[in-house]
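Have a look at the structure below before the remarks.
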Amino acid sequence: ERKVSHKDIAKIIRNLSSERKRRGLAHHSEIDAQFQQKILANSGTGDATAWPPAIVQYRNENDNEIPKHFIRMKHTREEAETILFQCMDKLLEKTHTKPQKIDCLIVNCSLFSPTPSLCAMICQRYGLNAEVKTYNLSGQGCSASVIAVDLARDFLKSNSHSNVVVLSTELISESIYHGHEKSMLIQNTLFRSGGAAIMLSNKWYYIGASKYSLHSLCRTQVSDDESYKSVYETEDEEGNKGIALSKKITDVAGKTIAMNLKTIAIKVLPIVEKIKVALSVQRKNGKRKITYTPHIKRAVQHLCIHTGGRAVLDTLQEKLKLSDDDMKPSRHVLYKYGNTSSSSIWYELDFLEQEKRVKPKDKVLQLAFGSGFKCNSI
């Protein structure tokens with residue numbers, strides 16, 4: 001009931017705007033609606049992506065039947081409960097783990113950071129132990145899931161015989177932008193509901209039962225002005241809140257990802273490729289520069305690249321010299337689910353498993369990027 005087609009989204013945007021106009025609130029013009037419809041048609045998303053009920057309620061064609069209430073914080077809480085509780089239930093069932101056996105809980109959601117926290121919501125629902133360590137990550141964008149895994153890894157290094165659960169999501173009930181800035185209208189057509197739950201453990205008896213082992217993790221943070229403003233939450237001149245996406249975001253993403261891959265490649269490349277990288281190092285003015293960029297498929301068998309959007313995926317495929325088959329997990333997830341923010345790399349891993357592509361001893365690289373600007377990989 002939450003799935004929306006392109007036609008549904010266009011209808012929702014117009015109905016929501018009509019309702020806000022009736023109330024004397026900021027709303028889209030027909031030109032804004034047409035612009036979003038055009039962006040949507042070229043977005044690479046399909047007709048079965050999901051929006052939360054608070055937004056989907058405006059799909060009804062009869063204006064008189066549209067619920068006459070604002071989208072409020074309680075609707076975002078309900079969205080959080082639906083997504084995170086389902087993810088958590090499935091994780092506990094698959095891993096045969098009791099909630100009381102969780103030693104650390106990490107929840108990442110960039111946009112929604114309520115009080116009490118999302119971690120507290122999970123603890124209250126599942127009755128986690130009073131000694132559980134909880135961390136709530138916000139404002140970290142689409143690459144936050146890898147940051148959460150990094151934090152989980154640090155916890156496991158310091159605490160033996162422990163389980164850590166990571167919950168990754170983006171909660172978007174209140175995130176619709178109602179102004180006229182084109183750079184901020186794009187967000188309305190890009191993000192969708194989604195979530196993922198992951199358990200990491202250093203308990204010895206999980207060696208034979210776990211799906212994967214964490215081999216390497218790399219985080220890259222670029223801090224120049226262009227990168228910092230490429231994905232920027234702000235207000236337009238009329239005070240409408242939204243996220244502005246820079247026209248140079250594809251260039252910023254490409255540059256940051258190249259930096260990240262050069263770093264993680266040293267850890268996962270075959271010895272011959274490592275030698276090529278070492279020989280390409282140049283030093284100038286006290287700084288080290290690596291001039292040889294190895295092809296990442298020489299190090300790993302599978303790629304899960306964050307579904308930032310079709311234009312970004314097109315640019316990355318060209319710059320990284322990847323085949324259509326290499327990009328299939330990303331493009332499939334973008335089409336079927338849309339951009340589910342930090343959880344997208346886990347939808348892609350699930351796609352690889354469903355297609356039975358991952359074989360024992362294969363290496364999978366998950367690559368996520370987002371606001372800041374940052375690129376993180378595992």
Side-chain angles (χ1 to χ4, degrees), residues 6 9 35-49 141-143 145-146 170 182-192 194 220 222 226-227 229-232 243-262 264-265 293-349 351-352 355 357 364-377:
H6 287 189
I9 292 173
F35 173 75
Q36 291 173 87
Q37 202 165 349
K38 179 181 178 182
I39 293 295
L40 192 62
N42 296 303
S43 65
T45 60
D47 282 339
T49 59
C142 298
S143 63
S145 191
V146 181
E170 197 64 82
K182 288 186 175 180
S183 64
M184 299 169 77
L185 285 169
I186 296 172
Q187 72 169 76
N188 293 350
T189 66
L190 188 61
F191 294 104
R192 300 291 188 276
T220 303
V222 181
E226 185 175 87
S227 300
K229 288 289 186 75
S230 60
V231 184
Y232 197 76
I243 297 174
L245 301 178
S246 167
K247 291 181 179 178
K248 295 185 178 180
I249 189 171
T250 54
D251 295 332
V252 169
K255 176 182 70 175
T256 311
I257 289 169
M259 293 170 62
N260 184 277
L261 288 179
K262 285 178 181 178
I264 200 169
T293 304
H295 197 289
I296 195 62
K297 285 303 292 291
R298 291 171 185 158
V300 299
Q301 284 72 44
H302 311 285
L303 291 170
C304 298
I305 301 174
H306 166 57
T307 56
R310 195 176 82 171
V312 174
L313 292 179
D314 288 345
T315 300
L316 293 180
Q317 180 173 4
E318 180 183 352
K319 288 191 174 183
L320 299 178
K321 298 180 175 59
L322 299 174
S323 68
D324 290 342
D325 195 57
D326 295 332
M327 301 298 294
K328 189 175 180 181
S330 301
R331 295 196 187 278
H332 170 83
V333 169
L334 178 63
Y335 181 82
K336 188 172 182 180
Y337 301 104
N339 183 342
T340 62
S341 191
S342 61
S343 65
S344 71
I345 57 174
W346 303 102
Y347 281 79
E348 291 164 23
L349 186 58
F351 168 78
L352 289 172
E355 292 235 320
R357 293 188 175 205
V364 181
L365 176 68
Q366 293 172 286
L367 189 73
F369 45 89
S371 59
F373 195 87
K374 60 181 74 71
C375 175
N376 302 318
S377 58

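Comment: Arg357 engages Asp325 in a salt bridge, judged by a side-chain N to carboxylate O separation of less than 4.0 angstrom. Between Asp314 and Arg331, at least one side-chain nitrogen of the basic residue sits less than 4.0 Å from a carboxylate oxygen of the acidic one, meeting the salt-bridge criterion.
Taking CG of Leu365 as the start and NZ of Lys297 as the end, the distance is 10.5 Å to the nearest 0.5 Å. Distance check, rounded to the nearest 0.5 Å: OG of Ser183 to CG of Leu185 gives 8.0 Å. Here the straight-line distance linking atom CZ of Arg192 with atom CG of Leu334 works out to 9.0 Å at 0.5 Å rounding. Interatomic distance, OG of Ser343 versus NE2 of His306, reported as 9.0 Å (0.5 Å rounding). Here the CE-OH distance, from Met184 to Tyr232, works out to 11.0 Å after rounding to the nearest 0.5 Å. Interatomic distance, Gln187 CD to Gln36 CD, rounded to the nearest 0.5 Å: 9.0 Å.
Contact between Cys142 and Ala368 at its shortest, heavy atoms only, is O-CB, 3.9 Å. For the residue pair His332 and Phe351, the shortest heavy atom distance occurs at CD2-CD1, 3.2 Å. Nearest heavy-atom pair, Leu313 versus Met327, reported as atom, atom and distance to 0.1 Å: O-CE, 3.6 Å. Between Tyr335 and Thr49, the closest heavy-atom pair is O-CG2, 3.9 Å. Considering every non-hydrogen atom in both Leu245 and Ile186, the closest pair reads CD1-CG2, 3.7 Å. Here the closest non-hydrogen pair linking Pro329 and Glu348 is O-CG, 3.6 Å.
Leu367 pairs with exactly one of Asn260, Leu316, Leu303 by the side-chain contact (heavy atoms from CB on, under 4.5 Å) rule, that one being Asn260. The only option from Ser145, Ser342, Ser143 that meets the side-chain hydrogen bond (donor to acceptor under 3.5 Å, both in side chains) definition with Asn376 turns out to be Ser143.
Residues Val231 and Val252 are not in side-chain contact: their nearest non-hydrogen atoms beyond the backbone lie 4.5 Å or more apart. Under the 4.5 Å side-chain criterion, counting only non-hydrogen atoms from C-beta, His6 is in contact with Asp47. The side-chain heavy atoms of Val364 and Cys304, taken from C-beta on, include a pair separated by under 4.5 Å. A 4.5 Å side-chain heavy-atom check between Val146 and Gln366 finds every atom pair outside the cut-off. Within the 4.5 Å cutoff, the side chain of Asp251 has heavy atoms near those of the Lys319 side chain.
Counting non-hydrogen atoms of other residues, nucleotides and ligands closer than 6.0 Å to NZ of Lys336 gives a total of 12 or fewer. Annotation: Lys182, atom NZ; neighbour count of heavy atoms from other residues, nucleotides and ligands within 6.0 Å does not exceed 12.
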Any chance you could lay out the side chain to side chain contact (heavy atoms under 4.5 Å, CB included) test for Leu349 and His302, step after step, and finish with the verdict?
-> CA-CA 9 Å; Leu349 186 58; His302 311 285; over 6 Å; no
side-chain hydrogen bond (donor to acceptor under 3.5 Å, both in side chains) assessment of Asp324 paired with Gln317 = CA-CA 8 Å; Asp324 290 342; Gln317 180 173 4; 2.8 Å; yes
Kindly indicate, with the supporting measurements, whether the criterion side chain to side chain contact (heavy atoms under 4.5 Å, CB included) is fulfilled by Leu40 and Ile9.
-> CA-CA 9 Å; Leu40 192 62; Ile9 292 173; 3.8 Å; yes
Apply the test side chain to side chain contact (heavy atoms under 4.5 Å, CB included) to residues Ile264 and Thr220: give CA-CA distance (whole Å), side-chain angles for both, the deciding distance (0.1 Å), then the verdict.
-> CA-CA 10 Å; Ile264 200 169; Thr220 303; over 6 Å; no
Does the pair Ile305 and Ile257 meet the rule for a side chain to side chain contact (heavy atoms under 4.5 Å, CB included), with working shown?
-> CA-CA 10 Å; Ile305 301 174; Ile257 289 169; 5.5 Å; no
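Proximity of a side-chain donor or acceptor of Thr315 to a complementary backbone N or O of Ala311 within less than 3.5 Å is detected. At least one donor-acceptor pair closer than 3.5 Å links the side chain of Lys374 to the backbone N or O of Ser371.
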